[in-house]
Undergrad: 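What follows is a structure written as structure tokens; I'll ask about it next.
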Amino acid sequence: MTNKIFSNNKWFFEDDVPYDPGTTQIGLKIKKKLYSGKSSYQRIDFYDTYAFGKILVLDGILQTSEKDEFVYHEMLCHTPLFLHKNPKKVLIIGGGDGGALEETLKHKVEEVVMVEIDKKVVDLSKKYLPSISKNAFRDKRTKLIIGDGKAFIEKNTNAFDVIILDLSDPDGPAKELISLIFYKNVKKCLKKDGVISIQSGSFSVQPKLVSTIYNRIKKVFPFYEIHKAVVEAYQAGEYSFTIGAKENINKITKAQLEKRFKKNNLKLNYYSPDMHFASKVLPKYIKDIITS
Ligand code: SAM
């Protein structure tokens with residue numbers, strides 16, 4: 001995108017985001033540049049900012065912030081985990097900052113396998129963003145595998161109750177992990193009552209990405225729904241979380257969800273049975289986006 005403003009030592013501006021026309025740019029005032037380097041997969045930057053605290057940036061795109069990671073991670077993880085009647089084995093693909101892992105381990109799960117392609121993201125996030133992962137990487141239920149999520153999915157079948165795709169935007173190492181064949185393989189990797197959750201982009205700046213992912217999930221899974229929430233740090237208006245399931249999640253009542261929520265007794269700041277149902281009420285213009 002021409003006329004693009006580039007980050008400097010005072011302000012952070014996002015680079016081109018896939019599926020985003022890049023016609024809006026919001027700068028974050030930098031308090032301190034914490035780390036800047038490369039791995040064999042991507043550029044990695046950590047900044048401390050005035051507005052969102054410490055942030056992780058991959059290939060110039062903001063991934064998570066201390067201030068509002070809970071909105072994103074609670075919606076991405078608790079939505080599928082409460083839709084499943086009793087999740088025991090969970091798979092997270094990506095999620096290098098450890099936020100999705102930390103939220104998932106709040107449930108009475110037996111094992112959480114996390115497949116992250118870039119060890120450097122995990123090691124540096126432990127150092128610069130410990131408030132996000134807390135003790136999750138040290139939990140004995142955590143099985144961290146450094147590797148390509150696509151290859152892992154192709155090698156496993158009928159293994160997981162819930163699969164959470166906490167991937168960077170579909171470019172670079174995550175490029176092929178929104179394809180129809182990938183979602184078909186993810187479905188094979190789930191047990192018979194399995195549920196999948198995907199961060200599927202922004203309704204306002206990436207409508208084409210949202211409809212692409214949603215319509216591919218619709219093709220692969222008999223039951224599906226989409227939830228929304230504003231993740232301020234993403235500067236992208238309302239963000240979408242697409243859910244696919246092998247069993248009928250659409251018939252789950254609020255009373256049933258409240259019973260599961262009470263039984264787990266989790267202390268959460270965003271997700272709740274009320275927010276679960278409120279976040280899937282869609283205005284017409286969004287229904288038009290996902291049916292386009
Ligand atoms: N919340 C962020 C977002 O919505 O953009 C995602 C955060 S998380 C840090 C994204 C992670 O996906 C990164 O650590 C990246 O290394 C990982 N990743 C990208 N492609 C991958 C692949 N093929 N297999 C496993 N992990 C991958």
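Please read these numbers as outputs of a predicted model, since none were measured by experiment. In each ligand, atom 1 is the first atom listed, and ligand 1 is the first ligand listed.
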Undergrad: Heavy-atom contact check, 4.0 Å cutoff: does Phe152 meet ligand 1?
TA: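 In this structure, Phe152 fails to qualify as a contact of ligand 1 - no heavy atom is under 4.0 Å.
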Undergrad: Pull out every atom of ligand 1 sitting under 4.0 Å from any heavy atom of Ala174, numbered as shown with elements.
TA: 19 (C), 20 (N)
Undergrad: Take Tyr72 and Asp166, measure what side chain to side chain donor-acceptor pair (under 3.5 Å) needs, and give me the verdict at the end.
TA: CA-CA 10 Å; Tyr72 171 87; Asp166 182 15; 2.6 Å; yes
Undergrad: Specify the protein heavy atom at minimum distance from atom 9 (C) of ligand 1: its residue, its atom name, and the distance to 0.1 Å.
TA: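 In this structure, atom 9 (C) of ligand 1 has Asp97 OD2, 3.3 Å as its nearest protein heavy atom.
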Undergrad: Locate the shortest heavy-atom distance separating Lys85 from Glu247; write the atom from each residue and the value.
TA: NZ-OE1, 3.9 Å
Undergrad: Considering both backbone and side-chain atoms of Val121, is one of its nitrogen or oxygen atoms within less than 3.5 Å of a nitrogen or oxygen in ligand 1?
TA: no
Undergrad: When you check the gap from the basic side-chain N to the acidic O, do Lys262 and Glu258 get nearer than 4.0 Å?
TA: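 Glu258 and Lys262: not salt-bridged.
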Undergrad: Should Leu177 be counted as touching ligand 1, given the test is an N or O pair under 3.5 Å?
TA: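 No, since none of the N or O atoms of Leu177 sits under 3.5 Å from an N or O of ligand 1.
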Undergrad: Any heavy atom of Gln199 closer to ligand 1 than 4.0 angstrom?
TA: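 Gln199: in contact with ligand 1 (<4.0 Å).
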Undergrad: With a cutoff of 4.0 Å, is Val115 in contact with ligand 1, counting heavy atoms of the residue only?
TA: yes
Undergrad: Check whether the ring centres of His73 and Tyr270 lie less than 6.0 Å apart, and answer yes or no.
TA: no
Undergrad: If hydrogens are left out, which of Leu165, Ile117, Ile146, Asp166 has an atom nearest to atom 26 (N) of ligand 1, that is, the closest non-hydrogen atom?
TA: Ile117
Undergrad: At a 4.0 Å threshold, what atoms of ligand 1 neighbour a non-hydrogen atom of Asp118?
TA: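 What qualifies from ligand 1 is 16 (O).
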Undergrad: Just jot down the ligand 1 atoms closer than 4.0 angstrom to any heavy atom of Gly95, in number order.
TA: 8 (S), 11 (C)
Undergrad: Give the atom numbers and elements of ligand 1 that come within less than 4.0 Å of a heavy atom of Gln42.
TA: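 In order of numbering, the contacting atoms are 15 (C), 16 (O).
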Undergrad: Any N or O on Tyr72 sitting closer than 3.5 Å to an N or O of ligand 1?
TA: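 Min N/O separation from ligand 1 is below 3.5 Å for Tyr72.
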Undergrad: Checking the N or O distance criterion of under 3.5 Å, is ligand 1 in contact with Leu58?
TA: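 Among all N and O atoms of Leu58, none is under 3.5 Å from an N or O of ligand 1.
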Undergrad: Is the number of heavy atoms from other residues, nucleotides or ligands within 6.0 Å of CD (Glu111) greater than 12?
TA: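 Atom CD in Glu111 is crowded, with more than 12 foreign heavy atoms closer than 6.0 Å.
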Undergrad: Does Lys150 come within less than 4.0 Å of Asp148, counting only side-chain N to carboxylate O?
TA: no
Undergrad: Which label fits Tyr224 and Tyr214: parallel for a plane angle under 30°, tilted from 30 to 60°, or perpendicular past 60°?
TA: perpendicular
Undergrad: Which residue supplies the protein heavy atom nearest to atom 5 (O) of ligand 1, what is that atom called, and how far is it?
TA: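 Protein heavy atom at minimum distance: Gln63 OE1, 3.3 Å.
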Undergrad: For Asp161, is there an ion pair with Lys88 - N to carboxylate O distance below 4.0 angstrom?
TA: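 A salt bridge is absent here (no side-chain N lies under 4.0 Å from a carboxylate O).
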Undergrad: Against heavy atoms of Asp148, which atoms of ligand 1 measure under 4.0 Å?
TA: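 Those qualifying, in numeric order: 22 (C), 23 (N), 24 (N).
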Undergrad: If the threshold is 4.0 Å, N to carboxylate O, is there a salt bridge linking Lys127 and Asp123?
TA: no
Undergrad: Closer than 4.0 angstrom: is that true for some heavy atom of Gly147 and an atom of ligand 1?
TA: yes
